[in-house]
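Data block below; observations after.
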Number of protein chains: 2
Amino acid sequence: MTHIDFLRNVSLFESLNQEELEALSDVTFTRIFSKDNVIILAEEEGDTLFILKRGQVKVSIVSEEGREVILSLLGSGSVFGELSLLDGKPRSANVVAIEETELLMLRRADFVQLIYKTPQIATALLAELATRLRKTDRQIEGLALLDVTSRISDTLLQLATEQGTETTDGVTIENRPTHQELANMSGTTRETVSRVLKRLEGQGYINCSGRKITILREDTWKT
Amino acid sequence: MTHIDFLRNVSLFESLNQEELEALSDVTFTRIFSKDNVIILAEEEGDTLFILKRGQVKVSIVSEEGREVILSLLGSGSVFGELSLLDGKPRSANVVAIEETELLMLRRADFVQLIYKTPQIATALLAELATRLRKTDRQIEGLALLDVTSRISDTLLQLATEQGTETTDGVTIENRPTHQELANMSGTTRETVSRVLKRLEGQGYINCSGRKITILREDTWKT
DNA sequence: TTTTTCATGTCACTTTTATCATTTTATAGT
DNA sequence: ACTATAAAATGATAAAAGTGACATGAAAAA
């Protein structure tokens, strides 16, 4: 797939016409990050916007004691790194490739140009940030109100909607994150994830085998 | 203070010239909400933007079981209610006046006009949302990693920076939220807030009296 | 294959925090 | 000032989740 065809399908750029897409494609450059490579390091200055073409990355914050909170996992079509572009502050989180990932990168100056020439982009970006803000608000709600079991369940459901595939039994998450990663996404510990998954499986809510988790359809629950 | 003078000092509108400010002021209307009145109700459709001129509001989510999470407290100059304007989705949180509050309101159509005529507003709004996103990310980090004491302390420090006044002893928060509200801001319970504040006072970190909390200067800590 | 590293399961134990119950103190309304 | 109402303090428990330790298992590297 050419870059242009790809860019056309990125929601941020859907308002651009062929000519504008070509112009955008011209100022964009590609880079491939292999698994575990750091793409963005928190605290550093940043003047690049990233568009994820292929692969998957995790956005996370690491505390001084080394504990990690995963804010989100992003897949193809996602845009990230724009906050520093918008407010000029240093990067607020780390972004690491969790599999081989191909990124299109756009420098601030070109991005500013782009917004100047096609203001619809600003509108699209505003909508994008609005969506994200709603999502983080829900995360805060979950962390503040729910117990671990519910938080882990929510994390699974979110994974399922974002990257699950429908099967006869329910929705399957192929290549699930490790327990440690699930823990960092749910604000808990590895052991607890282990225990909770075990219990959920015992109760017939989910089915684990290898890197695969299936969230069973409601009508198969033991209740 | 006239509306125009007030609007000039709202960061969102700082790029507007006198003429534009007047035009904005013309399409804006005022409403006063007394204490405990609901300004925005979650789930409802919304096509109004609010600019807080005088008073204070709380933005919160209430769970089905009735437990509340306070996402933020906003004071004069704050803008809220814009998410629904940007992505067309229903309101995601409640907003309630916690004291008598004067609001300027702006309808979607006028807001869209405004952005169309003065695109710098879009940029300012992007920066505003970026700031907010960073803030919510930090909240998530805190909820996921910190124990109750640290979360409550953080909440106090945030209140102090946002609405505290410097005194010889440290920073004073006049008219502090109730323990219940502090609990809802920190993701914990009333009782725990009570106990933690007590301990913090015993250890000489803070000083409570009536509706007032003083966060003592570092050099007076007992350690 | 063999080795080594990383991921997972699972124990016993501790800590933290929520919950419940009750009393005391503040605050606001008449 | 008096009373009604809401807020805060506080003790006793219980539940939830974290910790540390170690065994097992699975996948990647040599």
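Labels below follow one simple rule: chain letters A, B, ... track the order of the sequence lines, proteins then strands, and each chain is numbered from 1. Heavy atoms only: backbone and side chains are in, while hydrogens, waters and symmetry mates are out.
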Base C:dT17 paired with B:Arg190 side chain (donor-acceptor, <3.5 Å): no

message: For a quick check, tell me whether the side chain of A:Arg195 and the base of D:dT19 share a donor-acceptor pair closer than 3.5 Å.
response: yes

Roughly how many Å is it from [atom1] in [X] to [atom2] in [N], rounded to a whole number?
{"X": "A:Lys35", "N": "C:dC6", "atom1": "NZ", "atom2": "P", "value": "11 Å"}
{"X": "B:Leu146", "N": "C:dT17", "atom1": "CG", "atom2": "P", "value": "10 Å"}
{"X": "B:Gln180", "N": "C:dA18", "atom1": "CD", "atom2": "C1'", "value": "13 Å"}
{"X": "A:Ile152", "N": "D:dA17", "atom1": "CD1", "atom2": "C1'", "value": "10 Å"}
{"X": "A:Leu182", "N": "C:dG9", "atom1": "CG", "atom2": "C1'", "value": "15 Å"}
{"X": "A:Asp36", "N": "D:dA29", "atom1": "CG", "atom2": "P", "value": "11 Å"}
{"X": "A:Leu197", "N": "C:dA7", "atom1": "CG", "atom2": "P", "value": "15 Å"}
{"X": "B:Glu201", "N": "D:dT10", "atom1": "CD", "atom2": "P", "value": "11 Å"}

From the options [options], select the nucleotide whose nearest atom is closest to the side chain of [X].
{"X": "A:Thr189", "options": "C:dT10, C:dA21, D:dG18", "result": "D:dG18"}
{"X": "B:Glu191", "options": "D:dT19, C:dT17, C:dC20", "result": "C:dC20"}
{"X": "A:Lys198", "options": "C:dG9, D:dG20, D:dA17", "result": "C:dG9"}

- prompt: Hey, does B:Arg67 reach any base, or is it just sugar-phosphate, or nothing, if we go heavy atoms under 4.0 Å?
  reply: nothing

Within the distance-only criterion (no hydrogens, no angle test), does the side chain of [X] pair as donor or acceptor with the backbone N or O of [Y] below 3.5 angstrom?
{"X": "A:Ser186", "Y": "A:Leu182", "answer": "yes"}
{"X": "B:Arg217", "Y": "B:Val171", "answer": "no"}
{"X": "A:Glu102", "Y": "A:Gly55", "answer": "no"}

Does the side chain of [X] get closer than 4.0 angstrom to OP1 or OP2 of [N] through an N or O atom?
{"X": "A:Thr188", "N": "D:dA17", "value": "no"}
{"X": "A:Thr192", "N": "D:dG18", "value": "yes"}
{"X": "A:His179", "N": "C:dG9", "value": "yes"}

- prompt: Do the non-hydrogen side-chain atoms of B:Thr214 and B:Ile173 ever get within less than 4.5 Å of each other?
  reply: no

field: DNA chain D: 5'-proximal contact among A:Val148 and B:Ser194 (nearest heavy atom)
entry: B:Ser194

field: Pair B:Glu43 + B:Lys89: basic N to acidic O under 4.0 Å
entry: no

